*Asks:* 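Here you go, one structure.
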Number of protein chains: 2
Amino acid sequence: MMNISKTAESAEMPVKTVRYYADIGLVEPSARSAAGYREYDEKAVRRLIFIRRSRAFGFSIEECRELLGLYSDENRSSADVKAIAKKRLIEIEKKQVELQALHKDLSHLVKTCQGDDKPNCPIIDYLG
Amino acid sequence: MMNISKTAESAEMPVKTVRYYADIGLVEPSARSAAGYREYDEKAVRRLIFIRRSRAFGFSIEECRELLGLYSDENRSSADVKAIAKKRLIEIEKKQVELQALHKDLSHLVKTCQGDDKPNCPIIDYLG
DNA sequence: CTTGACCTTCCAGTTACTGGAGGGATTATA
DNA sequence: TATAATCCCTCCAGTAACTGGAAGGTCAAG
C-alpha cells in the first residue's frame, strides 16, 4: 500500500490528477488510512497507468472508463475494444484532414506576407 | 443598424456568440436601442466576420483580439501579423506530428486486433 | 515540542462558448 | 385594443479535464 505521492510517482502523473480520478470514481483508492489518507495497491497503480496511456491516445475520460471496464473484464469481447479504438482513429483522421487544410492555407499566407514594417498584409486581407 | 439576430445571420454565427463577444469586449455593439437592444452597423459585422475567419484558423480569442487590433490599425506592421500567424502555424505543425504518431500506433493496434467475441486484445495489452 | 513535509476537503479558474430561466419589448393578428 | 408569438435582455450554470490555492489536520525528525 502506497500513499498518494508514491502512487502518483509510480503512475507518472500529478498527485492532483490521482485525486481527481478518485473524485470522479475512475480509479478509487484501495483503502483509506486511519487519518483518512488515500492508499493505493499495485492493482490500482496499474489502473492509473492504463488511464495515462489511454489518455495519451486522446481517449476521453468516459472512453477511458469504458476501456478500464473492458480491461478488468475477463469475459470481454475484443470487438468492443476495437470499436472504441476505431472511433478514436476516425476522429484522429478527421482532425488530420482539418489540420492539413488549415496548414495549406495558413502557410501560403505566411509565405506571401512580407513581414516588414508596412501595413500591407495578405493575412489581414484574407481575414477581413 | 441591425438587431442582433440579423447581425448574427450576416456574420454567420449564433446570436449567443455575438452576445458573448460583446460581453468580453471583442466586438461591441455600435449602439443600444431605447429598450436596450444591441445594434450593429456594417463595420461591426465586418469585425465579427473577421473573428469568425480567425477562429476557423484556430486562433485563440486573445489572438483574435490582437489580430483585430492590427486589422483596424492603419499603421500596423505586417511583421506583427506574420508573427502571430507563424506562431499558429507552428502549433498546427506540432499537432500534426503528434497526431501522425498517434495514428501510426493506434492504426497498427486496430489492425492487429481480431475484433471478435474473444477477450484477447492487443489494444488492451498495449494499454495495460 | 516545534518544524517541515505530508495529507485532507473545498472552491475558483481555465477556454469558448451553450442552454436555460425569468422577465421586458415589439410585432402581427383577431 | 387585446393578446399571442417572437423577439430581446441579464444572469447563472454547465461543458472537459484538470490545476492552483486556501485552510487546516497528521506525521516523522531533530
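Only heavy atoms go into these numbers, but all of them, side chains included; no hydrogens, no water, no symmetry mates. Worth saying up front: this structure is predicted, and the values here are computed from it rather than measured. Lettering of chains follows the sequences in order, A, B, ..., and the numbering in each one begins at 1.
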*Asks:* Can you tell me if the side-chain N/O atoms of B:Arg52 get under 4.0 Å from OP1 or OP2 in C:dC17?
*Replies:*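 No, because none of the side-chain N or O atoms of B:Arg52 sits under 4.0 Å from OP1 or OP2 of C:dC17.
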
*Asks:* With a 4.0 Å limit, can you tell me whether B:Ser5 has a side-chain N or O closer than that to the phosphate oxygens OP1/OP2 of D:dC8?
*Replies:*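 Answer is yes, contact under 4.0 Å.
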
*Asks:* NA contact type, A:Ile4, heavy-atom cut-off 4.0 Å: base, sugar-phosphate, or nothing?
*Replies:*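 Sugar-phosphate, no base atom in range.
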
*Asks:* To the nearest Å, give me how far apart CD (B:Glu62) and C1' (C:dA16) are.
*Replies:*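 My rounded result for the distance is 11 Å.
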
*Asks:* In terms of side-chain geometry, is the basic nitrogen of B:Lys118 or B:Asp116 positioned less than 4.0 Å from the acidic oxygen of its partner?
*Replies:* yes

*Asks:* What is the distance, to the nearest angstrom, from the CZ atom on B:Arg65 to the C1' atom on C:dT15?
*Replies:* 13 Å

*Asks:* Over how many whole Å does the gap from A:Tyr20 atom OH to D:dT19 atom P extend?
*Replies:* 10 Å

*Asks:* Once you round it to whole Å, what is the distance between P of C:dA16 and CZ of B:Phe57?
*Replies:*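 Interatomic distance, CZ of B:Phe57 to P of C:dA16: 17 Å.
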
*Asks:* Is any side-chain nitrogen or oxygen of A:Ser33 closer than 4.0 Å to OP1 or OP2 of D:dT26?
*Replies:* no

*Asks:* Mapping B:Ala34 and B:Phe59 onto DNA chain C by nearest heavy atom, which one lands closer to the 5' end?
*Replies:* B:Phe59

*Asks:* Tell me the interatomic distance from B:Tyr37, atom OH, to D:dC8, atom P, rounded to whole angstroms.
*Replies:* 7 Å

*Asks:* Send over the distance from B:Arg32 CZ to C:dA25 P, rounded to a whole Å.
*Replies:*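 It works out to 14 Å between those atoms.
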
*Asks:* Pick the nucleotide of DNA chain C nearest each of B:Ile51 and B:Ala35; which residue has the one closer to the 5' end?
*Replies:* B:Ile51

*Asks:* Does the side chain of A:Met1 come within less than 4.5 Å of A:Ser30's, by heavy atoms?
*Replies:* yes

*Asks:* Give a yes/no answer on whether the side chain of A:Arg38 brings an N or O atom under 4.0 Å of OP1 or OP2 in C:dT9.
*Replies:* yes

*Asks:* Mind checking whether B:Arg46 and B:Glu42 have side chains closer than 4.5 Å, heavy atoms only?
*Replies:* yes

*Asks:* Hey, is B:Glu12 close enough to B:Arg52 for a salt bridge, meaning N to O under 4.0 Å?
*Replies:* yes

*Asks:* What is the distance from CE of A:Met13 to P of D:dA17, rounded to the nearest Å?
*Replies:*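 Going from A:Met13 (CE) to D:dA17 (P), I get 14 Å.
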
*Asks:* Reckon A:Tyr21 touches a base, only the sugar-phosphate, or nothing at all at heavy-atom distances under 4.0 Å?
*Replies:*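 Sugar-phosphate, backbone atoms only, no base.
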
*Asks:* Check whether any side-chain N or O of B:Asn3 sits under 4.0 Å from OP1 or OP2 of D:dC8, and answer yes or no.
*Replies:*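 Indeed, a polar side-chain atom of B:Asn3 lies that close.
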
*Asks:* Taking atom P of C:dC11 as reference, at what distance in whole Å does atom NZ of A:Lys16 sit?
*Replies:*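 In whole Å, C:dC11 P lies 13 Å from A:Lys16 NZ.
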
*Asks:* Quick one: is B:Arg19 getting a side-chain N or O under 4.0 Å of the D:dC9 phosphate, OP1 or OP2?
*Replies:*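 For D:dC9, OP1 or OP2 has a side-chain N or O of B:Arg19 closer than 4.0 Å.
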
*Asks:* Using only side-chain N and O atoms of B:Arg55, determine if any of them is under 4.0 Å from OP1 or OP2 of C:dT15.
*Replies:* no

*Asks:* Please determine if A:Lys94 and A:Glu91 form a salt bridge, counting it only when a charged side-chain N lies under 4.0 Å from a carboxylate O.
*Replies:* no

